[in-house]
Structure formats: C-alpha cells, structure tokens
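Below you'll find the structure, written out as structure tokens, and then a few comments.
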Amino acid sequence: TAAFLACRDNGLPQCERVAVFDWGGGTLDVSVLQIEGNFVRELATASLLQAGDEIDRLIASHIHRALKGEELDRARLPAKQYDRLIVAAESAKCELSDKDEVKRFLPAYLGGDYTFKLDRPSLVALTQSIIDRCIKVVADAITAARKVGGDAKIDYIVLVGGSSRLWGLGRQLQASFPDVILFEPQRPAWVVAKGASILADELTGHRNREPIYRLNHPVYLRLSDGTSLSLVRDGDPFDDKYRRFLLGIVEDTDHAQLIFAVPDGHGLGILGGTPEIRSVDFLSVPLQGLPFEQVRLEAKLTKDLTLAVRAQTEKADQHNESHWTRWEYEQLLFSYGLNNTGE
C-alpha cells in the first residue's frame with residue numbers, strides 16, 4: 001500500500017484496481033487495492049515466505065556445484081567462505097537484470113581461485129519454481145479480491161522490492177496476466193520506504209486531522225445458535241477504544257469457548273448482503289461455574305493496527321489485569337483516505 005502511494009505520485013497512471021507485488025529479501029507480499037477517488041481499500045493480501053535470500057542460496061549452490069563438482073553442504077563450509085559465496089551469487093543475480101551473462105572471480109575459495117559464469121537461461125532454470133509460486137500468490141490474491149470486491153479488472157501490477165528486478169519475472173508475470181499492465185518504478189528497492197514516509201504523514205495528523213485508518217471488514221464472534229455477533233465492523237476506526245459486550249452461558253461448563261470468524265475470502269462486505277464466514281481462532285475463558293454466570297468481553301482496534309480482545313467471567317475483578325484472558329488478531333485489511341495531491 002505504501003508502494004502504491006509512492007508510485008501514485010511518481011508516474012503511475014490513474015487506475016481503479018491495482019495489485020502491488022512487493023518482493024524483497026525475505027518475503028513476497030501481494031496486496032490488491034481498490035482505488036475510489038482518494039479513498040483506498042485493501043481487498044486482499046497474500047504472501048510467500050521465499051524471496052531474494054532464497055534465490056541467492058540457490059545460485060550459491062549452483063556455483064559451488066560448478067566449481068567443486070559436489071553439492072553444497074553449508075555445515076562443512078566455513079562461515080567466511082559461505083558469506084563470500086553468497087555475496088558473489090547476489091552480485092551476479094543483480095547484474096543479470098541488465099546483462100545476458102556475467103563472469104565473477106571468486107578468490108581463495110576452499111583452497112583455490114575460481115572464475116564462474118552465469119547466464120540468463122541458467123538463472124531462469126534455477127528460479128523457475130519460485131517464480132511459479134510467485135505467480136500463484138498473485139493469482140490467489142486476485143481471486144480473493146474478486147470474491148469480495150466484484151470482477152473489476154486489475155489495471156496494473158506494481159513491481160517493487162529489490163527482487164522484483166529478477167530476470168524473467170516480469171516476462172512470466174505478463175504472460176500469466178496478459179490483460180494487466182506491469183508498472184516498474186525507478187529504484188524499486190526504495191519505493192516502499194518512500195511510500196511509508198508519505199503514508200505516515202498522511203495518516204498521523206501532520207495535516208491537522210485525526211488518523212484515518214479504518215477496518216475494511218467485520219470480525220465476528222460465533223454464537224451457539226448458529227448466528228454471529230460483530231465485534232468490530234467495516235468502517236470502524238483504529239482508535240484504541242473498547243467495544244463492550246456481556247454474553248450469556250448456555251450450558252454448565254468451567255470454560256467458555258469463544259470462536260472468532262471473518263468473512264470468507266478475508267471478505268470486506270463491499271457487495272452487501274450476508275457473507276459466508278470462516279473461523280480463524282478461539283479463546284477459552286475460565287469460569288467459576290455459578291448459575292446464570294455471564295462473560296464480559298471487550299474488543300478494540302488498536303493504533304498498532306491489530307484487533308485486541310479480552311474476556312473474563314463477570315465475577316472477576318475488571319481492574320485486575322491478570323483476571324483477563326486475551327486474544328490478538330493481526331491479519332486485518334484497511335481502508336483510508338489520501339490527500340488530493342500527495343504533496
């Protein structure tokens with residue numbers, strides 16, 4: 001989302017729906033955003049826990065096999081030698097974004113001085129399985145977004161993060177999503193940081209207004225009769241204010257099982273109606289086993305952008321922090337307004 005904001009002010013044409021493809025050293029994070037004037041909704045997110053660091057390791061193993069004729073065993077390789085190999089692998093990977101082939105000199109590696117070559121076809125072969133997984137993450141995010149936001153066309157895939165310049169990635173993304181335009185900003189590794197700075201200025205009151213992050217979907221508590229209670233709703237602000245509930249117990253038990261749910265597809269209620277919901281977690285709250293005992297529950301959207309829930313039997317001391325049982329949920333989607341100019 002921060003990347004979109006930075007690109008919006010630096011050449012990204014006006015659009016209604018974009019997928020931001022943020023591929024750095026550690027993870028791939030994809031967010032599908034709906035743009036409604038100066039109002040932004042996150043429709044869906046998806047992630048992959050493989051990125052530039054994993055690619056560097058694959059290239060390093062390939063180099064080691066080529067030079068030594070054996071599989072790389074990191075446990076047997078001195079740390080300094082391994083670091084030198086990884087640096088060479090990363091350097092070659094980056095240079096292949098602009099060249100068809102690179103040569104590297106690797107001195108004093110396991111008792112010898114070596115020169116190795118790496119070309120684009122070899123790089124594509126090494127990384128093909130990861131690129132395939134990346135494309136699936138994008139497809140999954142787009143599918144989830146369409147579940148909750150309708151079948152509007154994705155206008156752009158915005159490529160940011162250092163790994164987004166991997167040779168072969170853009171070509172395969174374009175082939176997989178031929179109706180979508182790829183937008184590649186200058187200095188993609190720095191776009192997220194720049195956008196985060198702009199976004200912080202937009203949302204933290206620098207512009208003489210209150211922070212305007214809002215939740216973009218409800219979070220429910222499942223009830224014993226099959227219905228659901230909204231603990232927080234679409235449009236609620238992240239204001240650190242508790243919403244309070246008093247719940248009745250329907251059976252003789254020493255623990256109340258609170259089951260939390262979100263709309264299916266990480267849904268957002270954009271289309272109206274009652275969405276299907278799926279459970280995401282539960283909280284077991286100790287009771288005293290008294291007749292007609294009730295559970296006190298409090299939920300708030302925090303300024304750290306999480307949902308914090310706490311619950312206790314009504315017989316407990318509200319002011320004693322140890323008497324509360326807690327649950328926190330971070331996988332939330334947001335919406336917010338943006339400044340007209342972004343200046």
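The analysis underlying the following values was restricted to heavy atoms, covering all of them including side chains, and did not include hydrogens, waters or symmetry mates.
- We find that Glu36 and Arg41 are joined by a salt bridge, their nearest charged nitrogen and carboxylate oxygen being less than 4.0 Å apart.
- Within a 6.0 Å radius of CD in Glu321, more than 12 heavy atoms belonging to other residues, nucleotides or ligands are found.
- Taking the side chain as every heavy atom from C-beta outward, Ser164 and Glu184 never approach each other to under 4.5 Å.
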Requested in this report: Check step by step if side chain to side chain contact (heavy atoms under 4.5 Å, CB included) holds for Ser47 and Thr27.
Outcome: CA-CA 7 Å; Ser47 298; Thr27 65; 5.7 Å; no
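- Here CZ of Arg84 is found 9.5 Å from CG of Leu110. Values are rounded to the nearest 0.5 Å.
- By the 4.5 Å heavy-atom criterion applied to side chains, Ile63 and Leu85 are counted as neighbours.
- A heavy-atom distance below 4.5 Å is not found between the side chains of Arg310 and Thr325.
- Side-chain heavy atoms closer than 4.5 Å link hydrophobic residues (I, L, V, M, F, W, Y) into clusters, and following such links, possibly through other members, connects Leu223 to Trp327.
- A donor-acceptor pair is defined here as one N or O able to donate and one able to accept, closer than 3.5 Å; no such pair exists between the side chain of Gln81 and the backbone of Leu77.
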Requested in this report: Evaluate the side chain to side chain contact (heavy atoms under 4.5 Å, CB included) criterion for residues Tyr220 and Leu229: first the C-alpha distance (whole Å), next the side-chain angles of each, then the deciding distance (0.1 Å), finally the verdict.
Outcome: CA-CA 5 Å; Tyr220 302 105; Leu229 171 69; over 6 Å; no
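- Looking at Asp56, Asp98, Asp53 one by one, the single match for salt bridge (charged side-chain N to carboxylate O under 4.0 Å, His left out) with Lys93 turns out to be Asp56.
- A cation-pi geometry, defined here as NZ or CZ lying under 6.0 Å from the six-membered ring centre and within 45° of its normal, does not hold between Lys303 and Phe238.
- Environment of CD in Gln186: sparse, with no more than 12 heavy atoms of neighbouring residues, nucleotides or ligands closer than 6.0 Å.
- Environment of NZ in Lys153: crowded, with over 12 heavy atoms of neighbouring residues, nucleotides or ligands closer than 6.0 Å.
- Here the straight-line distance linking atom CG of Leu123 with atom CD of Glu95 works out to 12.5 Å at 0.5 Å rounding.
- In terms of heavy-atom proximity, Ala60 sits nearest to Ala89 at N-CB, 3.7 Å.
- Put simply, the side chain of Arg65 reaches to within 4.5 Å of the side chain of Ser61, judged on heavy atoms.
- Applying the 6.0 Å contact sphere to CG of Asp317 captures more than 12 heavy atoms from other residues, nucleotides or ligands.
- Across every non-hydrogen atom of Arg120 and Ser97, the tightest pair is NH2-O, 3.3 Å.
- Cluster membership for Val20 and Ile181, using ILVMFWY side-chain heavy atoms within less than 4.5 angstrom, is shared.
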Query raised in the report: Would Ser284 and Gln257 satisfy side chain to side chain donor-acceptor pair (under 3.5 Å), going step by step from the backbone distance to the final call?
Result: CA-CA 5 Å; Ser284 184; Gln257 305 298 329; 3.1 Å; yes
Report task. Check step by step if side chain to side chain contact (heavy atoms under 4.5 Å, CB included) holds for Phe260 and Leu307. Result -> CA-CA 11 Å; Phe260 304 103; Leu307 170 63; over 6 Å; no
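- Other residues, nucleotides and ligands place more than 12 heavy atoms under 6.0 Å from the CD atom of Glu101.
- Of the options Lys300, Glu330, Glu328, a side chain to side chain donor-acceptor pair (under 3.5 Å) to Thr306 is made by Glu328 and by none of the others.
- Under a 3.5 Å cut-off, the side chain of Thr313 and the backbone N or O of Leu287 do not form any donor-acceptor pair.
- The two atoms that bring Thr115 and Leu67 nearest to each other are O-CD2, 4.1 Å, heavy atoms only.
- With hydrogens and angles ignored, the 3.5 Å screen pairs a side-chain donor or acceptor of Ser163 with a backbone N or O of Gly24.
- Looking only at side-chain heavy atoms (C-beta outward), Phe116 and Val102 stay at 4.5 Å or farther from each other.
- In this structure, the separation between CG on Leu72 and CZ on Arg57 is 11.5 Å, given to the nearest 0.5 Å.
- For Asn216 (side chain) and Leu333 (main-chain N/O), no donor-acceptor pair under 3.5 Å exists by modelled atom type.
- Surrounding CZ of Phe105 are more than 12 heavy atoms belonging to other residues, nucleotides or ligands, all under 6.0 Å away.
- Considering every non-hydrogen atom in both Asp113 and Ala108, the closest pair reads OD1-N, 2.7 Å.
- By the criterion of side-chain heavy atoms lying less than 4.5 angstrom apart, applied directly or through intervening Ile, Leu, Val, Met, Phe, Trp or Tyr residues, Leu182 is grouped together with Val124 in one hydrophobic cluster.
- Between Asp132 and Lys136 there is no salt bridge, since no side-chain nitrogen of the basic residue lies less than 4.0 Å from a carboxylate oxygen of the acidic one.
- Distance alone, capped at 3.5 Å, is enough to place a donor-acceptor pair between the Asp236 side chain and the Arg233 backbone.
- For the pair Asp155 (side chain) and Arg17 (backbone), a donor-acceptor distance under 3.5 Å is present.
- Hydrophobic clustering (side-chain heavy atoms under 4.5 Å, transitive across Ile, Leu, Val, Met, Phe, Trp, Tyr) keeps Val295 apart from Ile259.
- A cation-pi arrangement is not found for Arg104 relative to Tyr114, the charged atom failing to lie both closer than 6.0 Å to the ring centre and inside a 45° cone about the ring normal.
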Requested in this report: Take Glu42 and Val32, measure what side chain to side chain contact (heavy atoms under 4.5 Å, CB included) needs, and give me the verdict at the end.
Outcome: CA-CA 6 Å; Glu42 290 184 342; Val32 180; over 6 Å; no
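- Residue-environment remark: CZ (Arg244) exceeds the threshold of 12 foreign heavy atoms within 6.0 Å.
- Distance CZ/Phe245 to CG/Leu297: 7.0 Å, rounded to 0.5 Å.
- Residues Val138 and Ile157 are in side-chain contact: their nearest non-hydrogen atoms beyond the backbone lie under 4.5 Å apart.
- Of the residues listed (His323, Glu314, Gln312), the one engaging Arg296 in a side chain to side chain donor-acceptor pair (under 3.5 Å) is Gln312, and it is the only one.
- With respect to the salt-bridge test (charged N to carboxylate O, under 4.0 angstrom), the residues Lys147 and Asp151 do not qualify.
- Within a 6.0 Å sphere centred on NZ of Lys99, other residues, nucleotides and ligands contribute 12 heavy atoms or fewer.
- Between the CG atom in Leu166 and the CG atom in Leu126 there is a gap of 10.0 Å [rounded to 0.5 Å].
- Under the 3.5 Å distance criterion, the side-chain polar atoms of Glu293 are left unmatched by any main-chain donor or acceptor of Thr253.
- To the nearest 0.5 Å, the span separating CZ on Arg133 from CG on Leu48 amounts to 6.5 Å.
- Of all non-hydrogen atoms in Leu215 and Ser335, the two that sit nearest each other are O-OG, 4.2 Å.
- Counting all heavy atoms, side chain and backbone alike, Ser230 lies closest to Pro218 at OG-CB, 4.3 Å.
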Query raised in the report: Going through the checks in order, is the side chain to side chain donor-acceptor pair (under 3.5 Å) test met by Asp240 and Thr302?
Result: CA-CA 4 Å; Asp240 265 335; Thr302 75; 4.7 Å; no
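- Side-chain contact between Asp254 and Pro286 is absent, with no heavy-atom pair separated by less than 4.5 Å.
- In the hydrophobic cluster analysis, where Ile, Leu, Val, Met, Phe, Trp and Tyr join through side-chain heavy atoms closer than 4.5 angstrom, Val280 is grouped together with Leu301.
- Between the side chain of Ser122 and the main chain of Leu118, no donor-acceptor pair closer than 3.5 Å is present.
- Contact annotation: the side chain of Phe183 never approaches that of Val18 to less than 4.5 Å [non-hydrogen atoms, C-beta and beyond].
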